[in-house]
Each structure stands twice: as C-alpha cells, then as structure tokens.
Amino acid sequence: MDRIKMKTPLVEMDGDEMTRVIWEIIKDELINPFVDLKTEYYDLGLKKRNETDDRITIDSAEATKEYGVAVKCATITPNAARVKEYDLKEMWKSPNGTIRAILDGTVFRSPIMVKGITPCVRNWESPIVIARHAYGDVYKNVEMKIPGKGKAELVFTSEDGKQERFVIHEFEGPGVIQGQHNINKSIESFARSCFNYALDTKKELWFATKDTISKQYDHTFKDIFQEIFEKEYEDKFKESGITYFYTLIDDAVARVMKSKGGFIWACKNYDGDVMSDMISSAFGSLAMMTSVLVSPSGVYEYEAAHGTVQRHYYKHLKGEETSTNPIATIFAWTGALNKRGQLDDIPALCDFAQKLEKASLSTIESGRMTKDLALITDLQDPKVYNTKDFIKEIRKTLERMANE
C-alpha cells in the first residue's frame, strides 16, 4: 500500500543504549514501511551532547516549540560513573529537565493496560495518571560538597541590593548542601494544566506535597493550586461532577494503594518521577507507560517513561540476545504521529497510529510477548520473543489488521 504522507516534520530526539537500538528497529519495522516519515532529527545520545556542550539538547527543545510535536528516545542522565565511562567534559544535566524547563510543560504519564496483565495492587481497576511538574526542584539544583567546619547560608539579594540571610547549617565536619528553586509562573502553569486535563478527561484530581514540613516551598505549591482552583475552576469541576482535593504526599500514597484507580495524581517534579515508576511497575511493567509533556502553548513531546535499559545494552554489546519490552517507546511514536495527524488534519496518520497501538496490545493478548510480561501474565503458555522478533510479530499483526 502507499505510504502515508506527512505535511510537517516531527522533532525526533534520538537517545542512548538499548532504547537507541530499539528506536531504529521500530522505525525500520513499524513506521517507515507505512509512513513517509518526516523528522527534524537531533542526536541526544550522551556522546553528541558532550561534543556540543549540551547545546543540541537546547536546540531540540527550541525546534519542538517551532514544530509543535516531538518524539523522544530515553537518554542517560550522567552520574560520576558515567562521566568516567564516557569521558565527559562535565556531569551534564538531565536532558529531560532541560527540555521541560524550556517548554514549561506538565508531564502526564499513564499505564498501558492490557488483557492478561493484572496490576500488582489487586483493587486497581483503571489507570492512575501521574501529572508531574516539569520544572525546577532537584532537576535544576545547585549543590556542593562541604570540605569541613564552617557555616552554610541561604542568601537572597533583591534588585535594590537588600539581602536576606538564613543559616542552613553550622558544619562541624564535611557534608553536602543543595539549593533548589521554583517560580510561581511555572507552578501556575502546572496547576492550570492539571485542572484542564482533569476537565478534559473527566477524572478526579489529587495534588500532594509535604507542606507541614516545607512551610514555604511546598506550601507555595499548595496555595497556588488552591487559589487558581477557587478563582477559575471550582464551578467547572462541579458542573463536570469531578472533585479536586489536596493532601500530604504520605497520605496520598496510602490512599492510592487502597483506591480503584481512575484519577489524576499531581506531583512535584521529583515525586512525579518516583511515583510514575511505582505506578507503571505496579500496573505491570516500567515499559508499559505512556508519557507526554504538554506545554501551556500547546506543544507536545512524547517519550517512554523508563530509562535506557543499561543492563540489556551491555548484553547486546556482547552479542547476547535480549528481550527488552519496546511498548512504551512504540507508544511514544504513536502518540506523536497521532498528534501530528490531528494538528495537520491527516486522518490516515491518526488511524495508523491507533492501529499500531491496537496491534501492539493485540500481539501481547495473543500470548506473544517479551520476557518481562511473560513473567507476570495471567495467560497460559505465553511465547517469549527477543526484542527484534517481538517487534516483527507486532508488524505481522499490524499488516493483518490493515488487510481486514
């Protein structure tokens, strides 16, 4: 059949390790045979980021603002071991953090539910959507090691030169300090994105921080959410029959475990990072979760919620077979293609993206899957495939669906 034509390119952000390998297989087997793919390509692999002093990450984010839709592969956020392994100039910041700061968006992550994979929490019946603030906190922190005895202070110098000073700690020996920040404008964008998404999906919205301990930082988040809700959204929520409530993060965790699911859980940046992994794993697999960054201006960046699958990559380099689950990465592509089709009015592209998602889930439901799913499926006698062969099985299902 003729390949589907695109009008506007996607911004394509390539990544690292095993997900980079999977990225190419998905394009070769599931995208290029069916779509005349147009992308503005950026290599966000760690080597290229190091070569460009991380300028390429900034360029990819700016391109996303221009074209409106991006699809991103998982990338390495280097630690000390990675600096040595890749001979890096410095310990580069998280590319996701950089992109999120530039786009000023909110990340919405939702588990991909499929027949035959029962959530670990038996009472969960519907997906729990994590709304993760996408700016600041630990991802934009400044930190330092304290060599010995001395005083660490928090200092703010206003525009007119006046200073406020607070003692962080009187050190008697070595230690560490860290400075985090956020801005009201970004918190306001986060709140409105969450309220709008709740209205669009007609889902209850929870928001949780630790304001009892963090009486300035976290309390500011709580206050901004409440003020915006009361002024702009309370009546709309009542009309839609949904609710918003705030609770402490530890209380939220307890509530989540006893819930039936089906709601949006809004979290600060780090909390959302951790809790989205917990939710995805408990629903089945870290590789079974969608993730989309939505900016206030209507820009979308789709990615897998998991990392680069380092352990499998080292096996791959040795020539050993791997059974890495590609579903979240496939859904990053389908999400981006579907949104591109919507924005450019290309129904065939939207239809293809939806069929590819159905083909992926249908393949699993037929008993063909990767090892991580075979270990937890309720299906009898599942057949385990290596990474490439599983993707080829999805292609077979897709081609069969296209001919029906």
Side-chain angles (χ1 to χ4, degrees), residues 57 61 64-65 70 72 77 93-110 128-142 178-201 203-229 232-233 244-253 256 263-280 289-306:
T57 306
T64 302
K65 290 167 69 174
K72 181 181 175 296
T77 298
K93 294 283 188 179
S94 160
N96 286 343
T98 299
I99 293 166
R100 290 165 189 159
I102 292 172
L103 297 184
D104 187 28
T106 296
V107 179
F108 294 95
R109 289 179 170 172
S110 180
I128 296 169
V129 179
I130 296 290
R132 175 185 173 187
H133 188 210
Y135 177 81
D137 300 347
V138 69
Y139 300 88
K140 296 287 286 185
N141 76 71
V142 177
Q178 181 183 86
Q180 297 185 30
H181 81 280
N182 224 293
I183 54 177
N184 285 14
K185 181 181 177 182
S186 180
I187 301 170
E188 290 163 5
S189 293
F190 174 42
R192 289 190 175 94
S193 293
C194 292
F195 292 134
N196 287 333
Y197 195 81
L199 288 169
D200 288 344
T201 58
K203 293 182 184 294
E204 185 178 78
L205 175 65
W206 304 8
F207 178 49
T209 68
K210 193 68 172 175
D211 67 286
T212 53
I213 301 299
S214 178
K215 298 181 185 299
Q216 298 294 329
Y217 199 104
D218 280 23
H219 214 297
T220 296
F221 276 79
K222 176 186 176 181
D223 291 344
I224 287 175
F225 262 74
Q226 190 63 36
E227 182 180 353
I228 289 175
F229 177 70
E232 303 176 27
Y233 292 95
Y244 162 71
F245 76 90
Y246 171 85
T247 187
L248 294 172
I249 187 69
D250 42 344
D251 178 57
V253 171
V256 164
F263 56 88
I264 302 165
W265 181 11
C267 297
K268 287 169 56 192
N269 208 344
Y270 179 76
D271 294 339
D273 191 1
V274 174
M275 295 307 171
S276 64
D277 276 8
M278 184 272 287
I279 291 293
S280 62
M289 195 166 203
T290 63
S291 181
V292 56
L293 175 71
V294 183
S295 81
S297 61
V299 171
Y300 298 80
E301 183 243 307
Y302 295 83
E303 60 180 323
H306 58 73

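These numbers were taken from a predicted model, which means no experiment stands behind them.
Here the closest heavy-atom approach between residue Phe190 and residue Ala266 is recorded as CZ-CB, 4.1 Å. Of all heavy-atom pairs spanning Ile102 and Ala61, the tightest one is CD1-CB, 3.7 Å. Across every non-hydrogen atom of Ala208 and Trp265, the tightest pair is CB-NE1, 4.0 Å. Closest approach of Asn269 and Gly136 over heavy atoms only: ND2-O, 3.1 Å. Across Thr77 and Lys93, no two heavy atoms sit closer than the pair CG2-C, 4.5 Å. What you find for Ile264 and Ala198 is that their closest heavy atoms are CD1-CA, 3.5 Å.
Note: Ser214 OG to His219 NE2 = 9.5 Å, rounded to the nearest 0.5 Å. With values rounded to the nearest 0.5 angstrom, Thr212 atom OG1 is found 7.0 Å from Asp250 atom CG. Expressed to the nearest 0.5 Å, how far CE of Met275 lies from CD1 of Ile128 amounts to 11.5 Å. Atom CD1 of Ile224 sits about 4.0 Å away from atom CG of Asn184, to the nearest 0.5 Å. Rounding to the nearest 0.5 Å places CG of Leu199 at 11.5 Å from SG of Cys194. Rounding to the nearest 0.5 angstrom, the gap separating the CD atom in Glu232 from the CD atom in Glu188 is 9.0 Å.
Using a 3.5 Å distance cut-off with no hydrogens or angles, the side chains of Tyr270 and His133 do not pair a donor with an acceptor. Using a 3.5 Å distance cut-off with no hydrogens or angles, the side chains of Thr209 and Tyr246 do pair a donor with an acceptor. A donor-acceptor contact closer than 3.5 angstrom links the side chains of Asn196 and Tyr233. In summary, the side chains of Asp211 and Tyr217 do not present any donor paired with an acceptor at a separation below 3.5 Å, with no hydrogens or angles considered.
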- Message: Could you walk me through whether Thr64 and Ile99 satisfy the side chain to side chain contact (heavy atoms under 4.5 Å, CB included) test, starting with their C-alpha distance in whole Å, then the side-chain angles of each, then the deciding distance to 0.1 Å, before giving a yes or no?
- Response: CA-CA 9 Å; Thr64 302; Ile99 293 166; 5.7 Å; no
- Check the pair Phe207, Phe245 against side chain to side chain contact (heavy atoms under 4.5 Å, CB included), reporting the backbone distance first and the verdict last. CA-CA 7 Å; Phe207 178 49; Phe245 76 90; over 6 Å; no
- Hey, mind stepping through Arg109 and Asp273 against side chain to side chain contact (heavy atoms under 4.5 Å, CB included) and telling me if it holds? CA-CA 10 Å; Arg109 289 179 170 172; Asp273 191 1; 4.3 Å; yes
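The side chain to side chain contact (heavy atoms under 4.5 Å, CB included) test with Phe108 is passed by exactly one of Ser276, Ser193, Ser291: Ser193. When each of Trp206, Tyr197, Phe195 is tested with Tyr244 by the rule ring-ring contact (aromatic ring centres under 6.0 Å, His included), just one qualifies, namely Phe195.
Within 6.0 Å of CD on Gln216 lie no more than 12 heavy atoms contributed by other residues, nucleotides or ligands.
Side-chain contact between Thr106 and Val294 is absent, with no heavy atoms from C-beta onward closer than 4.5 Å. Residues Leu103 and Lys65 form a side-chain contact, since some pair of their non-hydrogen atoms from C-beta on lies under 4.5 Å apart. Contact check for Lys268 versus Asp137: side-chain heavy atoms found under the 4.5 Å cut-off. With contacts defined as side-chain heavy-atom distances shorter than 4.5 Å, the pair Leu293/Tyr300 does not qualify. Two residues are said to be in side-chain contact when any heavy atoms from C-beta on lie closer than 4.5 Å; Val107 and Asn96 fail this criterion. Side-chain contact check for Lys140 versus Gln180: every heavy-atom pair is 4.5 Å or farther apart.
Salt-bridge annotation for Glu301 and Arg100: absent, with no side-chain N of the basic residue lying under 4.0 Å from a carboxylate O of the acidic one. For Lys210 and Asp218, the salt-bridge test fails: no basic side-chain N is under 4.0 Å from an acidic carboxylate O.
Of the possible polar contacts, none joining the Thr247 side chain to the Asp251 backbone as a donor-acceptor pair under 3.5 Å is found. Within the 3.5 Å criterion, the main-chain N or O of Asn182 finds no donor-acceptor partner in the side chain of Ser186.
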